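All remarks here apply to the structure that follows.
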Amino acid sequence: MAIQKPSIPKGTRDFSPKEMEGRNFIFDIIRNVFKKYGFLPIETPAMENLSTLMGKYGEEGDKLLFKILNSGNYLAKLNTSGISEMPLGSVTQQIAKRGLRYDLTVPFARFVVQHRNEINFPFKRYQIQPVWRADNPQKGRYREFFQCDADMIGSNSLINEFELIKVIDEVFEDFSLPVIIKINNRKVLAGISEIIGESEKIVDITVAIDKLDKIGIKRVLEELSAKGISDQSIKMLQPVFEMKGNNDEKLKFLEDYLSGSEIGMEGVSELRKVFSLISIDPIASELELDITLARGLNYYTGAIIEVKAKDVSIGSLCGGGRYDDLTGIFGLPDVSGVGISFGADRIYDVLLQTDKFPDDEKQHTQVLFVNFGDREVNYILPLLGKLRKEGINSELYPDSVKMKKQMGYADNSNIPYVAIIGEHEIQISEITLKNMKSGDQQTVSFEEMLALLKG
RNA sequence: GUGGAUGUAGCUCAGCUUGGUUAGAGCACCGGAUUGUGGUUCCGGGGGUCGUGGGUUCAAGUCCCAUCUUCCACCCCA
């Protein structure tokens, strides 16, 4: 049999022990903050029925779904006549009825509807699981990545938006990572579209506006024009592009600009409410009203939130917003939800780049016992047991090989102490303890060693 | 899905322009100097179907085509 080169699929990654340490650090912080705010954990399957996923993420999203081939002889059931002329979607439906989850929000909506009679509303849940997208990989962009979601469902109160912003603030404070939290409201965007008389083009308009700081005003105007927005409407957008000032000034401007749009005014008043709640209990991060913030997802209906690292250029680290009727499509109408999603993989990349991971040496093995042979091992095993009972992470080298090798193992593993117990030590009931950092070694009793390792 | 770059030892890369001995370096690994002492030093060693497949040629790591990977931009997004 030919030897095959080991490989993993495009856009996926292995995680080494070192990397897992950093990832667990991230998950632990996020999980703890979620818990602190009263969110409860759930998990859902890696795969969902394709009918649950299709059509929820727009046309683009459907293309990025990983579909799972049916098991059994699925081709036998397939009507192949004229297959090349059939639309791809209809063929897919015949050979794949399941797909890998694309995010955690839609499976959550499905979960809520399916378990509505067991759930205590308003329901606050958190979920930390991988998701899969058949996207083209790039930096900070993978085909398998972890999302850490917190959503509240069944409450219209803007206190929820406020709490989520607090969660974001607290998480990034725990990472000591300076971020800027951007907030917008879909209703404000709808209002703007209404004012310029292009209500039905809201998606094209917001997508174009979203690129403002990336491609500049000139090309945004070109794109709007290309999408069939009239020159007159574009002219009316001008003041929006030129909007300046702090959050308060921006709100004042929008109030004025949107006074003719009911939905627009509603958006402004929602934003005002969130800002006023924050002013009562301020956050450490910068909070900025950014009307260019659009988010592609079509299910947001109210607040839109995005978090960017201040010093590192990578996509957003966290995104979220309010969706008024996500569960409607599964048969539970009029339930409003609001949620956020942290991108653990991007946070990892940023923390690594800015050197923000703590070196937590206490987590590792504290002491390694050198193995000289059976007699010594029999003497060491009870001591090892006692140490572990005391909560000291400790190891015995499994093979009785050359000491150089055993010392090298301790060195490579960054184990701070090596305990040497040979014939001589057994005779005098002492332990030779070597400090690997300083190179010093001393002869101590077991109790002395324990005290040293505990301190 | 579109466009550009990339791939040589476990890792980081040189060699490719102008085809021609046995494809190199550093780091890592293994052994010895040092049989109860690592990290430093010295000496020695193993490791490559040059991403894969095809083509041109007397001869291909080097030129051509295809394909895949990774990276970058677009699209979209965590």
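Being a predicted model, the structure only gives us computed values, none of them experimental. Naming: A, B, ... by sequence-line order, numbering from 1 per chain.
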Could you let me know what [N] is paired to, Watson-Crick or G-U wobble, both distances under 3.5 Å, or none if it's on its own?
N	value
G53(B)	C65(B)
G3(B)	C72(B)
U18(B)	none

Would you kindly give the [atom1]-to-[atom2] distance between [X] and [N], to the nearest whole Å?
X	N	atom1	atom2	result
Arg141(A)	U69(B)	CZ	P	16 Å
Trp132(A)	A78(B)	CH2	C1'	15 Å
Met436(A)	G36(B)	CE	C1'	14 Å

Rounded distance in Å between the [atom1] positions of [N] and [M]:
N	M	atom1	result
C30(B)	U69(B)	C1'	31 Å
G36(B)	G53(B)	P	49 Å
G15(B)	G55(B)	P	29 Å
C43(B)	C16(B)	C1'	35 Å

Taking OP1 and OP2 of [N], is either one under 4.0 Å from a side-chain nitrogen or oxygen of [X]?
X	N	answer
Lys211(A)	C75(B)	yes
Lys402(A)	G32(B)	yes
Lys404(A)	U37(B)	no
Lys63(A)	C75(B)	no
Lys308(A)	A78(B)	no

> Is the Lys NZ or Arg CZ of Arg186(A) less than 6.0 Å from the centre of Tyr300(A)'s six-membered ring, within 45° of the axis?
Replying inline: no
> Within 45° of the axis and under 6.0 Å from the centre of the six-membered ring of Phe108(A), does NZ or CZ of Arg125(A) qualify?
Replying inline: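 That pair qualifies as a cation-pi contact.
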Salt-bridge contact [X]-[Y] (side-chain N to carboxylate O under 4.0 Å):
X	Y	answer
Glu170(A)	Lys36(A)	yes
Arg141(A)	Asp135(A)	yes
Lys310(A)	Glu286(A)	yes

>> Can you tell me whether the side chain of Asp411(A) and the base of G38(B) have a donor-acceptor pair closer than 3.5 Å?
In response: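 Indeed there is one.
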>> I'd like to know if Gln441(A) reaches the base of G36(B) with its side chain, counting only an N/O donor and acceptor under 3.5 Å.
In response: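 Flag unset: no donor-acceptor pair detected.
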> Is the backbone N or O of Ile229(A) less than 3.5 Å from a side-chain atom of Ser233(A), with the two atoms forming a donor-acceptor pair by type?
Replying inline: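 Checking the backbone N and O of Ile229(A) against the side chain of Ser233(A), no donor-acceptor pair under 3.5 Å is found.
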>> Return whichever of Gly439(A) or Val307(A) has its heavy-atom-nearest nucleotide of RNA chain B closer to the 5' end.
In response: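 Counting from the 5' end, the first nearest nucleotide belongs to Gly439(A).
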> How do Gln138(A) and Lys434(A) order along RNA chain B: which one's closest nucleotide is nearer the 5' end?
Replying inline: Lys434(A)
> Taking the six-membered ring for Trp, does Phe145(A) stack with A78(B) (centroid gap under 5.5 Å, planes within less than 30°)?
Replying inline: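 Ring-base stacking flag set for Phe145(A) and A78(B).
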At 4.0 Å (heavy atoms only), tell me whether [X] reaches a base, stays on the sugar-phosphate, or touches nothing.
X	result
Tyr142(A)	base
Glu425(A)	base
Gly373(A)	nothing
Gly408(A)	sugar-phosphate

> Nearest to the side chain of Asn136(A), which nucleotide is it out of U2(B), C76(B), U70(B)?
Replying inline: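 The answer is U2(B), which lies nearest to the side chain.
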